[in-house]
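Basis for what follows: all heavy atoms, side chains included, without hydrogens, waters or symmetry-related copies. In what follows, chains are A, B, ... by sequence order, proteins preceding strands, each numbered from 1.
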Number of protein chains: 2
Amino acid sequence: MTQRKYPLTLRDVSEVSGVSEMTVSRVLRNKGDVSATTRSKVLDATKSLGYVPNKIAGALASQRVNLVAVIIPSMSNMVFPEVMTGISQALDETDLQPVVGITNYLPEREEKVLYEMLSWRPSGIIIAGLEQSEASRVMLANSGIPVVQIMDIDGDPIDAMVGISHRRAGRKMAEAILKSGYQNIGFMGTQTPLDHRARKRFEGFTQALAKQGVEIVDREFYTGGSALAKGREMTESILTRSPDLDFIYYSNDMIGAGGLLHLWDKKIDIPSQVGLAGFNQVELIDGLPLRLATMDSCRFEIGQTAAQIIAVRNGLLDLPLENIVELSPKIEFGDTLLRK
Amino acid sequence: MTQRKYPLTLRDVSEVSGVSEMTVSRVLRNKGDVSATTRSKVLDATKSLGYVPNKIAGALASQRVNLVAVIIPSMSNMVFPEVMTGISQALDETDLQPVVGITNYLPEREEKVLYEMLSWRPSGIIIAGLEQSEASRVMLANSGIPVVQIMDIDGDPIDAMVGISHRRAGRKMAEAILKSGYQNIGFMGTQTPLDHRARKRFEGFTQALAKQGVEIVDREFYTGGSALAKGREMTESILTRSPDLDFIYYSNDMIGAGGLLHLWDKKIDIPSQVGLAGFNQVELIDGLPLRLATMDSCRFEIGQTAAQIIAVRNGLLDLPLENIVELSPKIEFGDTLLRK
DNA sequence: ATGAAAGCGCTAACAG
DNA sequence: CTGTTAGCGCTTTCAT
C-alpha cells in the first residue's frame, strides 16, 4: 500500500506479479484472453502497489484518446450546466469523457482553448455556436475529428450541428405576444455583439413584429452585474421612460425574473397590465410569485444529441442520427403571458 | 491551408521548413535560442500546414503535463463556478490549465474521477472537501503530486488545504443572531449526509446556541428540486408548524431567497417579525426586494490560493504560502438580520 | 493464453 | 545556434 518510486509503471506491476508487461496491460484493459489465475495475480499486484496506468503513454501508443472536448462560452450561465449534463449522460454509455474549455465569449480566447484542446487529440469536439473566427474554423475543419456545433442552427455547420433556431424562437414569441393582444412591446437584453444567439432571437422577434406592422416601443441593453438586479432596475427605468408599454420580452429568464419582481413590488398587474416573457426555462427561478413565460431552449437534449453524434462517429454507438438536428422549443405561457 | 494526412507531425513541419525536428520543436516551445530566420521559416511552415502539436507525445517525452485536476461535487451550485474563476485566474499567470471533474457528491464517483484524472499525470490536484473515501485518500497520498483540499479546514489535510471553518461560520452566525435578540430560531437546509460543509455549519450553529442555553425550535431538510421553490414552500410549512419562530437560518442563499419571497408575499415584516440568514453570498440573488443576510464563503480566494499553491509547488510561482490557509468569512447583515 | 519486438510523436541531453 | 541519439510508458502486431 505504501510506495516510494512515484510514477509506477507497468514494469513494476509486471515484476511484482511475475507476469509480462503485455499481459498486465491486457488485464488492465480487459482486452484479449487472460487466464483467471494470471488475472488475479495481476490485480493483486496493481492493488497492493496502488498502480495507476499512464494514459499519456497509452494514448500515444494506441493513437486513441477517450476525451471529447467541449468548448463553451461560460459556465455560470445556467444554460451550459444543463448542456453538460446531457453530454455527460450520453457519454456515460461509452468510455468517452468530456473535457470542458471556457471562452468567456472571447473569440481570441476560443482560438487558444481550441488549439490547446486539439493538441490533446480528442475523439471529438462539441463547440457552442456557429460563429467561430476564421482561424478556429480552419482548425476545426482540419482536425480530422467529428465536430458538432451546438445551440444554434441558423447558419452552416463545419461538420454537424444540433440546436434550435433562435430566429424562429424570437419569431414564435412575437407571434404569441401579438396574438394575446399586446401592442406596446419593449425588449430588454444583453449587449448583443457578444451573444449571437440573443441577437438572433432579437432579430427574429422584431421581424415577426414588423410583419404585422408592429415596431418595438423601447429597448434596453445591459452588460455585467447581477441579471436579477439589472432586470429590476432596467424594468423600472424602461417603464418610467415608456409608461405605455404593455409587454416586455427579456433575452433571458434571470432579467425577466428581475422585471417580474419589480412589477410585483409596484403592484402592477401581470399579465393584464404588463405581460412578460423570458427565455431558457431555467429551473432556478421556480419559486417566484408568478411563473415567468418563457421558452424551453432544449439544453439537455442538445448536449445529449451532440454527444451521441460523437459516439456514433467513433463507432461506439449505433443510432441513426442526422448531421443536422433541429430541436423545437415550445412556449411556456406561465402566469405572465395571456393565452389567447 | 488545406491538408490531407490528418495527424500532422513535427516531421512534416521539419520537411516543409527544411529545419530539423528538434529545432522546430524549440521554436514551437520558445525554448532555447533559435535564429530569427529559422524561426520564421518554421512558423511559416506550421501556419501553412495548420500543424497542431501533439501534447500526448510531448507530455510523455518531457514527463510533464501542464494540467491541474480540479475535482468538485457539482457545477450548478453557484459556489463552484466562482472557485473555478479563482483557479483560472491564478493559473493564467502560469502555463498550467485546469481540468474539471464532477462527482455529484458521490464518493464512488469521486474515486472514479480521481483515478481517471491521475492517469493523465497532472501537475497537481485541487479537490473539494476533506472527506474522501479511504481509496481516494490512498490514491491522493501516493500520487506524488501536490494535493490541495479546498473549501473546508475542519479536519486534517492529506497535503495542503485552503478554506474556511464551516463550524466557526455556523457559530458566528448563531452568535450574531442571538446578539440581535432573536430567540426562537429555526434551521432549514439540504439533506446533510451528502454535504459535509452544510452539516458542519449546522453543528457549529447549534453548538453556539446551546452554549447560550438556546435550542433550535424547528428544522426542515430538503433534497433536490428548485432551491428557491423549496425555500418558499418549506418556509411556509415551518412557520405554520412553528408560528412563534422569529429567525430562520438557511444552509444556502437560494433557499433563503425563497423564504424571503414567501415572507415578503405574506407581508411578514423582515427583520423585526422574522429575521433570515443564508450562506454563500451569491451575487445571483442581488435584486431581491431585500438583501438577505449571509456570509461570504470566500470562494474566489479559495480557488485562487489553491491554484497558487500548486503553481508554487511546481516552481512556477514564487510566493510565501502556508500549506494550511484558513480564510475568514464575514457576516453580511443585509436587510434581514437586525444589527445590534 | 502469453511473450517479444517495434514504435507512437515528441523532448532531454548531449554534440558540434 | 543547430542536429543526433535515445528513450518516455504504453499498445500493436506477430510469434509461440
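- Here A/R29 contributes atom CZ and A/S62 contributes atom OG; the two are 8.0 Å apart, rounded to the nearest 0.5 Å.
- Here A/R39 does not pair with A/D44 in a salt bridge; the nearest charged N to carboxylate O distance is not below 4.0 Å.
- No donor-acceptor distance shorter than 3.5 angstrom exists from the side chain of B/T46 to the backbone of B/Y51, with no hydrogens or angles considered.
- A salt bridge links B/R64 with B/D95: at least one charged nitrogen is closer than 4.0 Å to a carboxylate oxygen.
- Phosphate contact (OP1/OP2 of D/dT2, side-chain N/O of B/T38, threshold under 4.0 Å): present.
- As a whole-Å value, the separation of B/N30 CG from D/dC1 C1' is 16 Å.
- For A/T23 and C/dG3, the shortest distance from a side-chain N or O to OP1 or OP2 is below 4.0 Å.
- For the residue pair A/L140 and A/V147, the shortest heavy atom distance occurs at O-CG2, 3.8 Å.
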*Which parts of nucleotides 8-16 of chain D does protein reach within less than 4.0 Å, heavy atoms only, written one letter per nucleotide 5' to 3' as B for base, S for sugar-phosphate only and - for none?*
BBBBBB---

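- Looking at B/D152, its side chain does come within 3.5 Å of a backbone N or O of B/D154 through a donor-acceptor pair.
- A 6.0 Å sphere centred on CD of A/E326 holds more than 12 heavy atoms belonging to other residues, nucleotides or ligands.
- Summary for the helix from C/dA1-D/dT16 to C/dG16-D/dC1: the axes at its two ends, each from 5 pairs, differ by 30° when rounded to the nearest 10 degrees.
- Within 6.0 Å of CD on A/E322 lie no more than 12 heavy atoms contributed by other residues, nucleotides or ligands.
- Atoms NZ (B/K41) and C1' (D/dC1) sit 12 Å apart, rounded to a whole Å.
- Note: CZ (A/R64) to P (C/dG7) measures 24 Å, nearest angstrom.
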